Amino acid sequence: MAFQTIQDLVALAQNQECAIWQIVMETEEKERGIPGDELLREMARRWQVMLESIESTGVQPSMGGLVGGDAARVARIVDEAVIGRVPAKVIARALAAAETNAAMGRIVAAPTAGSCGILPAVLSVVAEETGAGTTEVAHALLTAAGVGMVIAKNASISGADGGCQAECGAAAAMAAAAAAELLAGDPVIVAHAAALALKNLLGLVCDPVAGLVEVPCVKRNAFAAVHALTAAQMAVAGVQSVIPPDEVIWAMHRIGKALPEELRETGRGGLAVTPTGKKLAAKIHDAVDQA
Amino acid sequence: MGYSVYDIIGPVMVGPSSSHTAGAARIGKMALNILGKTPVMATVLLHGSFAATFKGHGTDRALVGGILGMDPDDLRIKNALEIAAEQGVMVRISAADLGDAHPNLAKIILQAEDGERVEILGASTGGGKIVLLEIDSFPLQLSGEYPALVCIYSDQPGMVAKVSSILAKHGINIAFMRVARRAEDRMALMVVETDQPIPREAASKIQAFTDFYKVKIIPPVV
């Protein structure tokens with residue numbers, strides 16, 4: 001890849017006096033033969049799927065029956081939410097996409113299905129607040145992809161390998177970078193937004209009840225989305241991560257390796273083995289045996 | 001190989017899990033592509049994490065959806081079991097110990113109306129990516145990301161040369177090639193992954209050679 005690290009992305013963008021998304025686009029064209037306009041058209045297509053997935057009305061109950069209906073609950077109170085209209089919308093939309101995913105609806109894995117609510121929730125709200133159109137959103141998606149590609153290459157984006165920090169953490173870093181792309185467009189700010197978001201989700205375990213993508217995954221999407229918005233807002237205000245982005249990714253990689261297998265998607269640790277977690281898992285597996 | 005933009009902002013898929021749903025659908029579709037015709041009977045054996053959580057992840061529906069030709073983003077996957085019944089495809093799903101090649105493993109046995117049968121072993125390696133580990137108990141590594149040609153023939157000198165010369169005549173560039181043997185009957189399997197789609201007549205010319213028993217074009221699923 002033309003860029004191996006976030007630092008490469010920033011340096012390449014600064015040298016060419018362009019945005020990070022343009023470096024990502026050029027790399028895809030050079031290394032995978034995907035012309036820039038085709039890449040942007042496909043990003044726009046996938047964005048439409050993301051927009052559908054964050055609709056909170058009419059979401060079905062999940063396959064395991066553990067989640068569903070929370071997106072609608074939050075969507076109803078957006079206008080009088082003490083946390084504020086913008087964060088409340090981010091919460092409702094992240095819940096909606098994650099609930100849609102849990103009910104076998106259509107989503108865009110970004111970077112995974114388990115973390116599919118974070119990027120669309122943050123990017124859609126920031127796009128509305130800034131009046132950004134589909135083209136700018138497609139650019140921001142490429143910036144998010146660049147950050148995700150670096151994390152995937154130098155650490156992991158799999159819960160089984162690196163815990164939820166590798167899925168929702170990576171998604172939060174991608175969402176923060178995408179939001180900063182729309183809000184500021186400066187490669188340095190984008191890089192710090194990603195670092196700030198990832199830095200504060202380090203160590204997040206993957207402990208799914210009954211091994212499903214429901215509890216605590218759906219609600220974690222909402223928390224990580226607001227978290228990403230916070231990181232983007234701080235970075236745009238000029239707050240910088242003292243630890244450089246690539247070193248935060250390096251730390252996440254080592255923490256992932258240090259996490260015991262019980263806390264990496266096996267459903268044998270953390271919330272999954274609480275009394276209620278085990279009771280729910282038993283109920284679901286019983287339902288399976290009778291089927 | 002590395003990650004592309006489409007690996008990170010994607011795949012577009014039916015949830016809930018990239019490996020247990022999207023990957024499973026792709027394994028099912030690979031089985032269908034290898035059979036090359038509509039099956040009337042499908043046996044699906046689920047191993048490890050696939051077996052432990054298939055109901056909650058819809059892995060059974062995704063595998064059967066793939067067997068019926070559905071892609072990972074097809075909303076009908078959720079009702080694939082009912083659709084199979086409607087289409088008269090007999091489906092049997094059960095858990096099984098398929099060895100320890102991978103926690104997310106499925107064996108699929110498909111049978112067509114004319115009696116043709118194919119057996120594949122596939123693993124879902126995460127992010128919706130898969131790898132086929134066996135076709136008719138021949139070991140191989142097929143990712144489903146490139147057009148592929150699978151040939152089963154009696155093991156003897158010159159067979160690789162025959163295949164590669166025909167592909168070359170049709171301007172087909174070989175990206176990966178693997179040959180594997182089955183000890184018990186001296187049969188061999190050749191898997192060729194190419195950069196260009198493989199035209200029908202190339203496959204039929206290869207099929208025309210003596211001692212080639214199965215020649216199948218397998219379209220990519222990723």
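Here is how names work: the chains are called A, B, and so on, in the same order as the sequence lines, proteins then strands, and each is numbered from 1. Worth saying up front: this structure is predicted, and the values here are computed from it rather than measured.
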Measure distances from [X] to the heavy atoms of chain B and classify the residue's part below 4.5 Å as side chain, backbone, both or neither.
{"X": "A/Leu66", "value": "neither"}
{"X": "A/Ala210", "value": "backbone"}
{"X": "A/Met25", "value": "neither"}
{"X": "A/Gln4", "value": "neither"}

Does any N or O in the side chain of [X] come within less than 3.5 Å of the main-chain N or O of [Y], such that one atom is a donor and the other an acceptor?
{"X": "B/Ser18", "Y": "A/Thr112", "value": "no"}
{"X": "B/Lys78", "Y": "A/Ala103", "value": "yes"}
{"X": "A/Arg106", "Y": "B/Val12", "value": "no"}
{"X": "B/His57", "Y": "A/Gly211", "value": "yes"}

Tell me, out of [options], who's got the most heavy-atom pairs with chain B below 4.5 Å.
{"options": "A/Ala110, A/Gly148, A/Ala152", "result": "A/Ala152"}
{"options": "A/Leu119, A/Val147, A/Ile34", "result": "A/Ile34"}
{"options": "A/Met63, A/Arg46, A/Glu31, A/Lys153", "result": "A/Arg46"}
{"options": "A/Ala145, A/Ala281, A/Ala102", "result": "A/Ala145"}

Which portion of B/Thr21 sits near chain A, non-hydrogen atoms under 4.5 angstrom: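 Looking at B/Thr21, just its side chain touches chain A.
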State the [atom1]-[atom2] distance between [X] and [Y], to the nearest 0.5 angstrom.
{"X": "B/Lys55", "Y": "A/Leu212", "atom1": "NZ", "atom2": "CG", "answer": "12.5 Å"}
{"X": "A/Met174", "Y": "B/Ile8", "atom1": "CE", "atom2": "CD1", "answer": "6.0 Å"}
{"X": "B/Ser4", "Y": "A/Leu39", "atom1": "OG", "atom2": "CG", "answer": "8.5 Å"}

Test log, rule side-chain contact (heavy atoms from CB on, under 4.5 Å), inputs B/Ile9 and A/Met50: CA-CA 10 Å; B/Ile9 311 290; A/Met50 282 178 161; 4.1 Å; yes
For B/Pro16 and A/Ala113, which heavy atoms make the closest approach, and how far apart are they? O-CB, 3.4 Å
So which heavy atom on B/Gly15 is nearest to which on A/Asn101, and how close? CA-OD1, 3.0 Å
Within a 6.0 Å radius of atom [atom1] on [X], are there more than 12 heavy atoms belonging to other residues, nucleotides or ligands?
{"X": "B/Asn173", "atom1": "CG", "answer": "yes"}
{"X": "A/Lys219", "atom1": "NZ", "answer": "no"}
{"X": "B/Glu113", "atom1": "CD", "answer": "no"}

With chain A, which of B/Thr53, B/Leu75, B/Ile77 has the greatest number of heavy-atom pairs at distances under 4.5 Å?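 The option with the most such pairs is B/Leu75.
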Ring-face cation contact, B/Tyr6 with A/Arg32, 6.0 Å cut, 45° max: no
